[in-house]
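The structure appears below as structure tokens.
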Amino acid sequence: MTDDEPTITGARAPTPLWQRALLWLITILCFAWLYTRIDTAAARAGLTVASYMLGVFASVSWGTWLALMIPYSIFFFLVDSTVVWRVVTWFNARVRWTGILPIRASAYIISIVNEQVGKGAMALYLNRRDGVPGWEVGSSMLFIMFCELLYLTFWANVGYAMAADTLPEIFGLVPWIGLGVLLLFILWVAYFRGIIPAGGKLRERSILKAFREASPLRYVIVAAIRSPALLGAVLVYTLALRLFGVEASFLDMLGVLPVIFFAAAIPTPMRAAAITIWVVLFPDNAAQLSAFGLVMHNFFIFFNAAIGLLFLRRANRELFG
């Protein structure tokens, strides 16, 4: 570890006021736009917005919905934990898979606010529990985030190739974005493998340790481990969407979900950006998709946080006991 890269501590600089204000402004604008779309649909039906939305929620079979969401959330947790275990074992320390579960689960509690802050909490956890240099664990978390970009881009292009005719016109940008990400990946790997000699001092920083040590195959392995979670989401989200009265094919959902998950990474309160994207992609069902996006994304993060609570006592014991 270099002198300018200190060990991670419990202290974290507070978020600037303007950043918090900006996130809430984006959230307010998203929900204001959603309200106008729902109000238009409600007016056509001769109903108030409240009555119209209550009708949407009343039409859903919530027992069936929970039967889809609970198993999927648990499955996602196991896949997500496996990704963290694989990357940490490669680049930081040999940790048992069961030893990763409390780390990943307890971080979900913090992820209610921001998924990236949750990853930072995992770095702090491993630093304190296993003595792994904090910046090097942070490198592994960055590696996981970069792999998420790659695998979502890959599946978005697979979905577009299979269902281009039925997706919104704007999805024509997906292949171009995929090409750009592919070129970025090639240059990225070339830089960290030393093929591109420039910027050697930056490359040697501890925060980039995982990228220096990662072969191209390791990116592929992480994407392969993560992919069952996305394919499971395609099944669950398609069936759940039908419960809200909106028909979509599995191939359509394969093209749409990676874009939705990108939007979900934007740290807006209540996942407002992700909810808004649903309505943008399915404009004829604004009320149904607003309700769908709201319950899907928020149930997911709060149920994952509930899983975290199950592991919280163990996590606290390992950190402070």
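What you see is a predicted model; the values in this text were computed from it and never measured. These values consider heavy atoms only, across backbone and side chains, with no hydrogens, waters or symmetry-generated copies.
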For [X] and [Y], indicate whether the former's side chain and the latter's backbone hold a donor-acceptor pair under 3.5 Å.
{"X": "Asn92", "Y": "Glu136", "result": "yes"}
{"X": "Arg212", "Y": "Glu204", "result": "yes"}
{"X": "Ser81", "Y": "Leu78", "result": "no"}
{"X": "Ser51", "Y": "Leu47", "result": "no"}
{"X": "Arg242", "Y": "Ala248", "result": "yes"}
{"X": "Thr166", "Y": "Ala163", "result": "yes"}
{"X": "Ser139", "Y": "Ala210", "result": "yes"}
{"X": "Trp97", "Y": "Trp85", "result": "no"}

Exercise. Start with the C-alpha distance between Trp188 and Leu150, add both sets of side-chain angles, then the distance that settles side chain to side chain contact (heavy atoms under 4.5 Å, CB included), and finish with yes or no.
Key: CA-CA 12 Å; Trp188 189 268; Leu150 296 177; over 6 Å; no

If every non-hydrogen atom of [X] is compared with every non-hydrogen atom of [Y], which pair is closest and at what distance?
{"X": "Ile225", "Y": "Val79", "value": "O-CG1, 3.3 Å"}
{"X": "Leu202", "Y": "Leu208", "value": "O-CD1, 3.3 Å"}
{"X": "Phe91", "Y": "Ala214", "value": "CZ-CB, 3.8 Å"}
{"X": "Gly255", "Y": "Leu167", "value": "CA-CD1, 4.3 Å"}
{"X": "Ala286", "Y": "Arg37", "value": "CB-CB, 3.8 Å"}
{"X": "Ile275", "Y": "Ser290", "value": "CG2-O, 3.8 Å"}

same_hphob_cluster([X], [Y]) at 4.5 Å side-chain heavy-atom cutoff:
{"X": "Leu182", "Y": "Ile177", "answer": "no"}
{"X": "Leu310", "Y": "Met69", "answer": "yes"}
{"X": "Ile103", "Y": "Ile74", "answer": "yes"}
{"X": "Leu152", "Y": "Leu179", "answer": "no"}
{"X": "Met253", "Y": "Leu235", "answer": "yes"}

[atom1] of [X] to [atom2] of [Y]: how many Å apart, nearest 0.5 Å?
{"X": "Glu247", "Y": "Asn285", "atom1": "CD", "atom2": "CG", "result": "10.5 Å"}
{"X": "Ile277", "Y": "His297", "atom1": "CD1", "atom2": "NE2", "result": "10.0 Å"}
{"X": "Leu187", "Y": "Ile196", "atom1": "CG", "atom2": "CD1", "result": "5.0 Å"}

A side-chain contact here means heavy atoms from C-beta on lying under 4.5 Å apart; do [X] and [Y] qualify?
{"X": "Tyr237", "Y": "Val256", "value": "no"}
{"X": "Phe250", "Y": "Leu239", "value": "yes"}
{"X": "Trp155", "Y": "Val234", "value": "no"}
{"X": "Leu29", "Y": "Leu25", "value": "yes"}
{"X": "Val87", "Y": "Val222", "value": "yes"}
{"X": "Thr153", "Y": "Phe185", "value": "no"}
{"X": "Tyr160", "Y": "Leu251", "value": "no"}
{"X": "Val158", "Y": "Phe154", "value": "yes"}

Quiz item: Between Trp65 and Ile70, does a side chain to side chain contact (heavy atoms under 4.5 Å, CB included) hold up when you go through it step by step?
Solution: CA-CA 9 Å; Trp65 181 78; Ile70 292 176; over 6 Å; no

Self-check item: Test: Arg218 cationic atom under 6.0 Å from Phe192 six-membered ring centre, within 45° of axis
Solution: no

Practice problem: Assess whether side chain to side chain contact (heavy atoms under 4.5 Å, CB included) is satisfied between Phe31 and Thr276, documenting all intermediate values. | Solution: CA-CA 8 Å; Phe31 281 117; Thr276 303; over 6 Å; no

Exercise. Assess whether atom CZ of Arg314 is packed by more than 12 heavy atoms of other residues, nucleotides or ligands within 6.0 Å.
Key: yes

Exercise. Applying side-chain hydrogen bond (donor to acceptor under 3.5 Å, both in side chains), run through Tyr108 and Asp80 and close with a yes or a no.
Key: CA-CA 11 Å; Tyr108 284 139; Asp80 200 23; 2.8 Å; yes

Practice problem: Using the side-chain hydrogen bond (donor to acceptor under 3.5 Å, both in side chains) rule, take Asp39 and Thr36 through it: C-alpha gap first, then chi angles, then the decisive distance, then the call. | Solution: CA-CA 5 Å; Asp39 184 52; Thr36 61; over 6 Å; no

Quiz item: What's the verdict on ring-ring contact (aromatic ring centres under 6.0 Å, His included) for Tyr219 and Phe143, showing C-alpha distance, side-chain angles and the deciding distance?
Solution: CA-CA 9 Å; Tyr219 291 89; Phe143 182 80; 4.8 Å; yes

Ring centres of [X] and [Y] under 6.0 Å apart?
{"X": "Phe311", "Y": "Phe77", "result": "yes"}
{"X": "Phe244", "Y": "Trp62", "result": "yes"}
{"X": "Tyr191", "Y": "Phe211", "result": "no"}

Quiz item: What class does the angle between the rings of Phe76 and Tyr72 fall in, given that below 30° is parallel, 30 to 60° is tilted and above 60° is perpendicular?
Solution: tilted

Quiz item: Considering the options Val56, Leu281, Leu241, Leu294, which one meets the side chain to side chain contact (heavy atoms under 4.5 Å, CB included) requirement together with Leu289?
Solution: Leu241

